[in-house]
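Below is one structure, written out as structure tokens; comments come after it.
Computed from heavy atoms alone, side chains included, the values below leave out hydrogens, waters and symmetry copies.
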Amino acid sequence: AHDRDAPHAVLDELWAQACAALKAQGVTAVAALLMRDWLDMLVRRWGFHYIEHIITLRRYGYDLPDDMALPPEIVRAERWHHDAVAVVDHAAFDAPWQMTPREVHQGMRAGSYNTIAVVDGKIVGYQITTTHGLNGHLARLAVLPQTQGQGVGGALLRDMVMWFQRKRILSITVNTQESNIRSQRLYERYGFQRNGYDLPVWMRDL
């Protein structure tokens, strides 16, 4: 590219090359999370279509709801748990939200506090949390569909929030799909509220 080239023409060429490279790798679809309004016009021109918004919720403080009667066992996640965690992730999410085993491994390596929920010796849920200064971020929480509604997600959340509280970190954020009402209700029960930072997701087949 040259300084005199039109920015959109340069981006079009970059997208064409990226698209060809992705197709060569066997990729069949691409999702884009738009963080700037001006990208809307570009992705429309490239054939993307709007899917939904990713929303952000934030909690602050020490308040927590009452304990559950029979919470699952919550333990720190280790490397040998990663394959089982990936199975939980794929069962809990549909494409394109699923993480590959490699992405699970990378996410847990980057996490500050990673835990699993165990019932009768089986991993039924997990969470990955990161830390950014005096702020925590729940990067991932998943529960097997057959054990959802049994307090597993709440137990993982409570344990995570208390871990941050012990470190005097009271501000925690989380992202979820706008259509995922079940997760929003869970987060709201644990004091999370939408903060208005919503991002649109667009997708196209290759």
Any luck finding a side-chain donor-acceptor pair between Asp12 and Trp46 under 3.5 Å?
-> yes
Salt bridge present between Arg194 and Asp198 (N-O < 4.0 angstrom) | yes
Quick one: closest heavy-atom pair of Ala31 and Phe48, and the distance?
-> C-CE2, 4.5 Å
Minimal heavy-atom distance between Val104 and Val85, with the atoms involved, is CG1-CG1, 3.6 Å
Sole residue of Leu199, Leu33, Ile55, Thr56 in side-chain contact (heavy atoms from CB on, under 4.5 Å) with Asn175 | Thr56
Sort out for me which residue in Ile116, Thr115, Asn114 forms a side-chain contact (heavy atoms from CB on, under 4.5 Å) with Arg76.
-> Thr115
Under the 3.5 angstrom rule, does the side chain of [X] hit a backbone N or O of [Y] as a donor-acceptor pair?
X	Y	value
Gln165	Tyr62	yes
Glu178	Glu52	no
His81	Glu78	yes

Please test Asp40 against Tyr50 for side-chain hydrogen bond (donor to acceptor under 3.5 Å, both in side chains), starting from the C-alpha separation and ending with a verdict.
-> CA-CA 9 Å; Asp40 180 286; Tyr50 170 77; over 6 Å; no
Got a sec: does the [atom1] of [X] have more than 12 other heavy atoms crowding it under 6.0 Å?
X	atom1	answer
Leu22	CG	yes
Arg109	CZ	no
Gln106	CD	yes

Spell out, yes or no, whether [X] and [Y] are grouped together once hydrophobic residues are joined by side-chain heavy atoms under 4.5 Å, including indirect joins.
X	Y	result
Leu170	Leu57	no
Leu64	Leu141	yes
Tyr190	Tyr60	no

Heavy-atom side-chain proximity of [X] to [Y] below 4.5 angstrom:
X	Y	value
Gln193	Glu188	no
Ser171	Arg58	yes
Val43	Leu34	yes
Phe192	Gln184	no
Ile128	Tyr126	yes
Ile172	Met160	yes
Val30	Met203	no

Thr129/Ser112 under side-chain hydrogen bond (donor to acceptor under 3.5 Å, both in side chains): CA gap, chis, key distance, verdict | CA-CA 6 Å; Thr129 309; Ser112 302; over 6 Å; no
With sequence neighbours left out, write down each residue that passes side-chain contact (heavy atoms from CB on, under 4.5 Å) with Thr100, or none if nothing qualifies.
-> Arg102, Glu103
Can you name the side chain to side chain donor-acceptor pair (under 3.5 Å) partners of Tyr197, sequence neighbours left out?
-> none
